[in-house]
Amino acid sequence: MSLLEIDKENLPRHVAVIMDGNGRWAKKKGQRRENGHRAGRKAVKRIVESCAELKIKNLTLYAFSTENWNRPKVEIDFLMQLLLLSLKDELKNLNKNNIKFETIGNLDRLPKKISNYLLKVKEQTKNNSALTLTLALSYGSRSEIVNVVREISDKVKNNIISLKKIDESVINDHLYTRHLPDVDLLIRTSGEKRISNFLLWQIAYAELYFTKKMWPDFGKEDLYKAIISYQNRERRFGKTSEQVK
Ligand code: IPE
Ligand code: IPE
Ligand code: MG
């Protein structure tokens, strides 16, 4: 698979990735899970770089789920450390490469030091426009939807919005992802074929791509493969094949 096989006119507008398999990658090498996460960080760098090169506009990475709070405290602490380090290391590069940084998820649950730094990175990259990189942190799709219901209900109660006006676009505007178009391509590594509470609403018509590669081994070629697979599919959105040709 090479870059040349990619049709630049038919790129996914929004690619989302469930970065899975760090722990198994490390275990297979006889190493600690932490090493897998370190290697996973390098894979993040590769994929962000690659999306920027391809001129993909939106990349969303699942980095830590609401369910991941149930992991051993040492692993959570390690992941938080790694996140803070990465943010500090990468802030300059984000600006150099014109990348806007965003997050989705419940930042209140993160250590204050981290949520503050996240705000800083968002603030300092908010005018960048080549690629929007969104990290899903302490993110769960069901909890996101619960929040949407609460916010809209509150607005109805206070006569800010009428019941009749609630439609799909109103829901979209209340999701954490309100700054993003729908997901076109969802990639999951590590061989698992599940969604794990990621972007349930936003992937309604996404093309799904599963690969057995563990996340730390996922490279540019693998991204090209996923995009070429995406480009070879016929997206019918409920219509007949003749209608969309
Ligand atoms: C993905 O790798 C990273 C996070 C969920 C933080 P895992 O840590 O889930 O690795 P496996 O699935 O145990 O191999
Ligand atoms: C999904 O991976 C969450 C992230 C990649 C951040 P998990 O490893 O937590 O998901 P399950 O437990 O296999 O569903
Ligand atoms: Mg996993």
For the atom pair OG1 (T177) and CD (E102), what is the distance rounded to the nearest 0.5 Å?
11.0 Å

Is it true that R41 and D89 make a salt bridge, defined as a side-chain N closer than 4.0 Å to a carboxylate O?
yes

Non-neighbouring partners of W215 that pass side chain to side chain donor-acceptor pair (under 3.5 Å), sequence neighbours left out:
none

Face-on cation placement of K29 at W25 ring, 6.0 Å and 45° thresholds:
yes

Point-to-point distance, once rounded to the nearest 0.5 Å, from CD of E221 to OG of S2:
7.5 Å

Point-to-point distance, once rounded to the nearest 0.5 Å, from CG of L223 to CD1 of I228:
9.5 Å

Donor-acceptor pair, distance only, cut-off 3.5 Å: does the side chain of N70 make one with the backbone of E67?
yes

Side chain to side chain donor-acceptor pair (under 3.5 Å), paired with N22, selected from H37, K27, R38:
H37

side-chain contact (heavy atoms from CB on, under 4.5 Å) against K42, all qualifying residues, sequence neighbours excluded
R46

Rounded to the nearest 0.5 Å, what separation is found between the CG atom of L133 and the CG atom of L94?
6.5 Å

Residues pairing under ring pair (Phe, Tyr, Trp, His ring centres under 6.0 Å) where one sits in residues 153-196, two or more places apart or in two chains, turn out to be none

Are the side chain of K126 and the backbone N or O of K100 linked by a donor-acceptor pair below 3.5 Å?
no

Residue pairs, two or more places apart or on separate chains, that pass ring pair (Phe, Tyr, Trp, His ring centres under 6.0 Å) and touch residues 67-121
F64-W69

Among all residues two or more places apart in sequence or in another chain, which pass the side chain to side chain donor-acceptor pair (under 3.5 Å) test with N97?
none

With distance as the sole test, does T240 use its side chain to make a donor-acceptor pair with the main-chain N or O of Q243 at under 3.5 Å?
yes

Would you give the length of the straight line joining atom CZ of F237 to atom OH of Y205, rounded to the nearest 0.5 angstrom?
7.5 Å

Which residues pass the ring pair (Phe, Tyr, Trp, His ring centres under 6.0 Å) test with F210, not counting sequence neighbours?
none

